[in-house]
Amino acid sequence: MKRVPIPGRRPWWRRLTAATGMLTLVATALVGSATTPAQAAPWTPKPPPMTTPWTGQVPVDNPLPEYPRPQLTRPDWANLNGIWDFAVTGRDAGRPSAFPEQIRVPFVAESALSGIQRRITENDKLWYKRAFTVPANWTGRRVQLNFGASDWQTTVWVNGTQVGTHKGGYDAFSYDITSQLNGGTNTVVVSVHDPAQTGGQAVGKQRINDVKPHPGGGIFYTAASGIWQTVWLEPVAPAHITRLDMTPDLGNSALRVTARVAAAGGRDVRVTVSSGGTAVATATGAAGAEISVPLGNPRLWSPEDPFLYDVRAELLDGATAVDSVGGYAGMRSIGTAKVGNVLRPVLNGEFVFQTGTLDQGYWPDGIYTAPTDAALRSDLQAHKDLGFNMVRKHIKVESQRWFYWADRLGLLVWQDMPAMDTAKTPDAAARTQWEAEYHAIIDQHRSSPSLVMWVNQNEGWGQYDQARIADEVKAYDPSRLVNNMSGVNCCGSVDGGNGDVLDNHIYVGPGNTAPTATRAAVLGEFGGLGYKVPGHEWYPGGGFSYEDQPSLSALNNRFVGLLDSIRVGQMPAGLSASVYTEITDVENEVNGLLTYDRQVVKVDTARVRAANQALIQASRAPAPPVTLPTGQYTSLRVTTPGHTNKYLRHYEQLVHTAVVDGGSDGLLKNDATWKVVTGLANSQCYSFESRNYPGEYLRHRDFRIRRDANDGSALFRADATFCTVAGTGGVRLSSANLPGSYIRHINSEVWLATPGGAHAWDNPATFTEDTTWAVEAPWAP
């Protein structure tokens with residue numbers, strides 16, 4: 001159902017947080033930054049398969065006008081986004097003699113917002129051309145031509161001279177074009193070849209498919225070829241700062257800053273940290289060397305308080321600043337530590353459960369590029385509205401504007417390195433390229449406080465050298481957690497055995513992921529509950545999910561049930577983070593909490609937010625795991641009011657509840673007595689052996705709870721294993737292979753019931769009471 005806006009209040013997707021300083025900078029930078037349009041010929045976008053709230057808000061000549069690099073800002077720049085001349089040739093062809101089409105940059109050729117919207121293959125080469133002039137007041141400075149990202153092999157010419165070739169789809173790159181400029185109207189030409197999954201490069205979930213909605217596709221989506229992030233000009237001094245590496249050092253109450261520079265040998269850099277326009281600390285040191293800026297008692301960054309300091313770095317020539325850049329930093333630490341004898345990730349020294357979603361970063365109108373900055377922000381704001389404190393950016397790397405919003409809104413980010421193709425073993429050249437691009441991505445985003453974990457590989461896609469890569473990433477960026485493989489239990493993946501976390505994927509889950517002595521336990525993917533919203537499907541009738549829900553009410557009950565299961569079961573048992581699949585539908589995937597067009601929020605926002613907040617709050621003081629006395633006999637009593645004289649007993653192999661008291665016969669007392677043993681399928685859990693039928697166990701089959709003989713199979717062992725969850729006045733017994741489903745009595749029968757499930761035995765009335773059992777002395781010792 002569509003959410004009805006509160007009268008007088010703008011919908012959530014249009015509310016913008018006041019971004020002091022940065023938005024002022026953007027507005028100032030745009031004044032006087034006009035460029036000459038490529039042509040005056042008419043241009044129109046193509047109709048997208050679905051329209052988002054921002055589809056019609058994209059300017060023709062000045063899309064994405066915001067300053068593209070928030071952590072290294074300068075006041076003068078010129079945006080080259082807009083209408084470029086365009087052509088497509090064979091992959092080996094030279095520059096075409098004519099550019100018969102026009103494309104709106106920075107939207108990929110497959111997208112509707114580009115105005116092209118057609119399939120690009122590995123046999124094609126894309127060509128872009130536009131004219132520009134350099135503002136007169138840039139005289140005497142070097143001119144940089146910057147690309148936020150272009151997928152994949154990009155070659156650039158200025159006034160007919162080639163200035164460089166870049167390989168990579170997710171990292172930014174720049175060229176000094178000063179010597180190629182002519183003082184008047186200049187021409188830039190760009191060619192891009194993108195082999196997508198047919199090549200050996202990082203490709204993520206891109207696949208060469210029809211760009212119009214079609215059945216199939218599964219978990220892979222439309223390819224995104226060519227320029228997909230902002231292109232812009234920037235004047236810099238001959239000696240200038242190229243990057244700020246900023247690392248919070250809470251142990252010393254300092255911000256460590258390294259200013260990377262060009263042509264600045266022997267010069268110093270002065271770093272000033274401010275809050276609310278007032279300088280709080282200044283330090284000076286050598287360019288290219290680490291400078292420690294003491295902050296006294298710094299205000300810490302967290303999802304609850306995403307406070308950012310302003311940072312200014314000046315390159316000095318004696319006492320004169322020859323270059324000055326702005327940025328921001330957040331003071332936080334991330335690591336692992338034992339909490340209640342369980343290894344956990346700790347933020348600012350404290351364990352807080354990280355609850356988030358899988359975020360693919362796809363759009364029905366722009367594919368790889370959000371239509372506007374407000375749209376880019378909206379998905380992150382949706383996480384906050386729903387009570388999540390984390391997001392896993394799944395095998396795609398977003399623009400620096402996305403990280404800016406994550407930093408400012410306060411979301412912990414797990415950043416995946418985009419995977420190579422699933423069906424290939426990468427050769428030496430592909431490995432070298434993949435690792436070089438990964439290092440460039442780390443460099444470009446290493447100063448973002450929201451980014452707390454690098455995820456190297458996913459489910460074995462293009463996997464190799466897992467342990468080595470994890471060690472190298474940790475050495476390259478020791479300030480963050482490293483995940484060597486998300487989904488080590490899935491799809492033929494090979495666990496490197498190292499890194500900071502052990503990451504399972506369990507659908508629907510949430511499963512029982514156990515920590516080790518050296519790695520915290522996280523659930524890198526779970527959920528996948530699906531619901532198709534009529535009128536908001538990419539290909540009507542073609543959507544799939546991991547578990548279809550019959551109604552929005554069922555979706556809400558099932559999803560909140562999963563979050564509650566983690567809170568009462570998996571988190572106390574050692575789970576420290578979970579990633580739900582997913583924040584929005586994507587093409588034919590309908591697992592989203594929002595529809596693909598972002599027009600409908602499928603779940604009850606307030607209810608989901610409350611469940612997430614309860615989970616986060618419970619993690620601040622996690623209860624110890626519930627233990628049972630193994631090797632001893634016990635009886636399990638009903639705790640539901642009005643039925644507390646009943647006990648769990650078996651009768652002709654089915655399990656029921658029955659009244660048992662001192663006057664009951666010996667057979668009934670034996671039937672109501674169970675021996676607690678270590679779980680047959682999981683040593684952290686338990687199994688229950690019949691007192692009068694040794695070798696036969698409590699187990700579920702077709703949701704009915706039974707007493708059956710152990711046939712030695714893995715399925716039986718899993719069906720007969722139950723994990724303990726704390727309950728009021730007793731213990732709840734969750735299935736080891738259907739976690740979140742509990743042994744429940746209803747009308748004297750005993751079933752495996754699921755919160756939010758669709759069966760009669762899943763009835764929500766007295767669900768918690770019916771699934772809570774008092775552990776009593778045995779009726780038959």
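Side chains included, hydrogens not; waters and symmetry mates left out as well; all remaining heavy atoms used. The model shown is predicted, which means the values in this text are computed figures rather than measured ones.
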Any donor-acceptor pair under 3.5 Å from [X] side chain to [Y] backbone:
{"X": "Thr581", "Y": "Gly528", "value": "no"}
{"X": "Thr595", "Y": "Val600", "value": "yes"}
{"X": "Asn62", "Y": "Pro59", "value": "no"}
{"X": "Gln71", "Y": "Tyr328", "value": "yes"}
{"X": "Glu122", "Y": "Gln197", "value": "no"}
{"X": "Lys46", "Y": "Gly115", "value": "yes"}

Please name all residues satisfying side chain to side chain contact (heavy atoms under 4.5 Å, CB included) with [X], sequence neighbours left out, ordered by chain then number.
{"X": "Asp151", "answer": "Asp194, Gln206, Trp228"}
{"X": "Glu582", "answer": "Tyr221, Leu358, Gln360, Val586, Glu589, Asn591"}
{"X": "His445", "answer": "Val397, Gln400, Phe403, Ile441, Leu451, Trp454"}
{"X": "Thr432", "answer": "none"}

Sub-6.0 Å ring centroid separation between [X] and [Y]:
{"X": "Trp232", "Y": "Phe147", "value": "no"}
{"X": "Tyr368", "Y": "Trp402", "value": "no"}
{"X": "His166", "Y": "Trp152", "value": "no"}

What donor-acceptor contacts under 3.5 angstrom involve side-chain atoms of residues 91-98, with partners at least two apart or in another chain?
none

Within a strict 4.5 Å, meaning less than it, do heavy atoms of the [X] and [Y] side chains meet?
{"X": "Val601", "Y": "Leu593", "answer": "no"}
{"X": "Tyr596", "Y": "Tyr362", "answer": "yes"}
{"X": "Val473", "Y": "Tyr476", "answer": "no"}

Met420 and Gln201: side chain to side chain contact (heavy atoms under 4.5 Å, CB included), yes or no, with the steps? CA-CA 6 Å; Met420 293 175 280; Gln201 79 285 1; 6.0 Å; no

Taking Asp416 first and then Lys393, would you say they form a salt bridge - that is, a charged N and a carboxylate O separated by under 4.0 Å? no

Test: Arg119 and Asp210 ion pair at under 4.0 Å: no

In Å and rounded to the nearest 0.5 Å, what is the [atom1] to [atom2] distance from [X] to [Y]?
{"X": "His505", "Y": "Cys491", "atom1": "NE2", "atom2": "SG", "result": "8.0 Å"}
{"X": "Asp597", "Y": "Met50", "atom1": "CG", "atom2": "CE", "result": "3.5 Å"}
{"X": "Ile395", "Y": "Gln415", "atom1": "CD1", "atom2": "CD", "result": "11.0 Å"}
{"X": "Ile83", "Y": "Ile103", "atom1": "CD1", "atom2": "CD1", "result": "9.0 Å"}
{"X": "His193", "Y": "Thr89", "atom1": "NE2", "atom2": "OG1", "result": "9.5 Å"}

Trace of the side chain to side chain donor-acceptor pair (under 3.5 Å) decision for Asn81 with Thr230: CA-CA 6 Å; Asn81 291 345; Thr230 292; 3.1 Å; yes

Identify the heavy atoms of [X] and [Y] that sit nearest to each other, and give their distance.
{"X": "Ser399", "Y": "Leu376", "value": "OG-CD2, 3.8 Å"}
{"X": "Pro449", "Y": "Leu308", "value": "CG-CD2, 3.9 Å"}
{"X": "Pro53", "Y": "Gln57", "value": "O-NE2, 3.2 Å"}
{"X": "Ala430", "Y": "Gly200", "value": "CB-O, 3.3 Å"}
{"X": "Thr178", "Y": "Arg141", "value": "CG2-O, 4.3 Å"}
{"X": "Asp407", "Y": "Ser448", "value": "OD1-OG, 2.5 Å"}

Using side-chain hydrogen bond (donor to acceptor under 3.5 Å, both in side chains) as the criterion, list what pairs up with [X], not counting sequence neighbours.
{"X": "Ser191", "answer": "none"}
{"X": "Thr584", "answer": "none"}
{"X": "Thr55", "answer": "Thr52, Asp365"}
{"X": "Tyr539", "answer": "none"}

Within 45° of the axis and under 6.0 Å from the centre of the six-membered ring of Trp363, does NZ or CZ of Arg598 qualify? yes

Looking only at side chains, do [X] and [Y] share a donor and an acceptor under 3.5 Å apart?
{"X": "Asp373", "Y": "Trp405", "value": "yes"}
{"X": "Asn456", "Y": "Tyr438", "value": "yes"}
{"X": "Asp585", "Y": "His536", "value": "no"}
{"X": "Ser486", "Y": "Arg392", "value": "yes"}

Please collect all ring-ring contact (aromatic ring centres under 6.0 Å, His included) contacts where either partner lies in residues 108-129, sequence neighbours excluded, each pair once. Phe86-Tyr128, Trp127-Trp157

Any salt bridge (Lys or Arg N to Asp or Glu O under 4.0 Å) involving residues 436-447? Give me the pairs, sequence neighbours left out, ordered by first then second residue. Arg243-Asp443, Asp443-Arg446

I need the full list of salt bridge (Lys or Arg N to Asp or Glu O under 4.0 Å) pairs touching residues 99-112, with sequence neighbours left out, sorted by first then second residue. Glu101-Arg118

After noting the C-alpha distance and the side-chain angles of Ser225 and Val108, does the key distance pass the side chain to side chain contact (heavy atoms under 4.5 Å, CB included) rule? CA-CA 6 Å; Ser225 303; Val108 295; 5.6 Å; no

Stepwise, does the side chain to side chain contact (heavy atoms under 4.5 Å, CB included) test hold for Val189 with Val156? CA-CA 6 Å; Val189 172; Val156 181; over 6 Å; no

Neighbour count above 12 (heavy atom, 6.0 Å) for Lys424 NZ: yes

Decide ring pair (Phe, Tyr, Trp, His ring centres under 6.0 Å) for Trp538 and Phe544; before the verdict, give the C-alpha distance in whole Å, the side-chain angles of both, and the deciding distance to 0.1 Å. CA-CA 11 Å; Trp538 187 71; Phe544 83 96; over 10 Å; no

Set out, in order, the CA-CA distance, both residues' side-chain angles and the distance that settles side chain to side chain contact (heavy atoms under 4.5 Å, CB included) for Val325 and Thr73, then state yes or no. CA-CA 5 Å; Val325 296; Thr73 65; 5.7 Å; no

Side chain to side chain donor-acceptor pair (under 3.5 Å) evaluation trace for Thr155 with Gln162: CA-CA 7 Å; Thr155 303; Gln162 182 175 324; 5.1 Å; no

